[in-house]
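Okay, so here's the structure we're looking at.
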Amino acid sequence: MSRLKDFPSIHSNALHSLYEIGRNLSDKERQEVIARVRAKGYRVEELEFYEYAPTDTMRHLFVRMEGEAESIPYFMLDKECWSEIVDALLVVYTSPS
């Protein structure tokens with residue numbers, strides 16, 4: 001079960017930390033996160049971490065699902081999918097390289 005039960009506010013420290021974790025993953029690590037989430041039955045194809053200029057306080061995570069043309073914001077995912085993404089990010093981030 002995820003350490004985050006519900007979607008954090010865009011301004012919360014929890015989302016900021018997840019954003020920083022995801023943004024700092026290598027391409028290989030990001031693909032491992034996606035593979036872990038896909039193994040749980042979710043069609044995640046890509047995780048996109050954005051920081052909007054000119055400020056570094058506007059951050060967002062978009063998720064593109066297999067077969068979909070457009071990415072969706074993290075808060076539009078069902079809670080179970082979001083939970084799997086959070087868990088996979090934390091597992092990959094904390095695993096030894």
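Just so it is clear, the values below take in all heavy atoms, side chains as well, and ignore hydrogens, waters and symmetry mates. These numbers were taken from a predicted model, which means no experiment stands behind them.
- Residue G22 comes nearest to L89 through the heavy atom pair CA-CD2, 4.0 Å, listed as atom of the first residue, atom of the second, then distance.
- The environment of OH in Y93 is sparse: at most 12 heavy-atom neighbours from other residues, nucleotides or ligands sit within 6.0 Å.
- Applying the salt bridge (charged side-chain N to carboxylate O under 4.0 Å, His left out) criterion to R43, with sequence neighbours excluded, gives E68.
- You'll find the side chain of R36 stays beyond 4.5 Å of the side chain of E84, heavy atoms only.
- Once rounded to the nearest 0.5 Å, the distance linking CE of M76 with OG of S71 reads 11.5 Å.
- Residues Y42 and D78 meet the side-chain proximity criterion, which asks for heavy atoms closer than 4.5 Å.
- Taken from CG in N24 to CZ in R30, the straight-line distance is 9.5 Å, to the nearest 0.5 Å.
- For F62, the ring pair (Phe, Tyr, Trp, His ring centres under 6.0 Å) partners at least two apart in sequence or on another chain are Y50, H60.
- Here L47 contributes atom CG and Q31 contributes atom CD; the two are 8.5 Å apart, rounded to the nearest 0.5 Å.
- Between E29 and V33 the shortest side-chain heavy-atom distance does not fall below 4.5 Å.
- Considering only heavy atoms from C-beta on, E80 stays 4.5 Å or farther from S83 through its side chain.
- Using a 4.5 Å heavy-atom cutoff, the side chains of R64 and E48 are in contact.
- Taking 4.5 Å as the limit, some side-chain heavy atom of L18 sits within range of a side-chain heavy atom of L90.
- A 4.5 Å side-chain heavy-atom check between L77 and V44 finds every atom pair outside the cut-off.
- Atom CD1 of residue I34 and atom CD of residue E46 lie 6.5 Å apart, to the nearest 0.5 angstrom.
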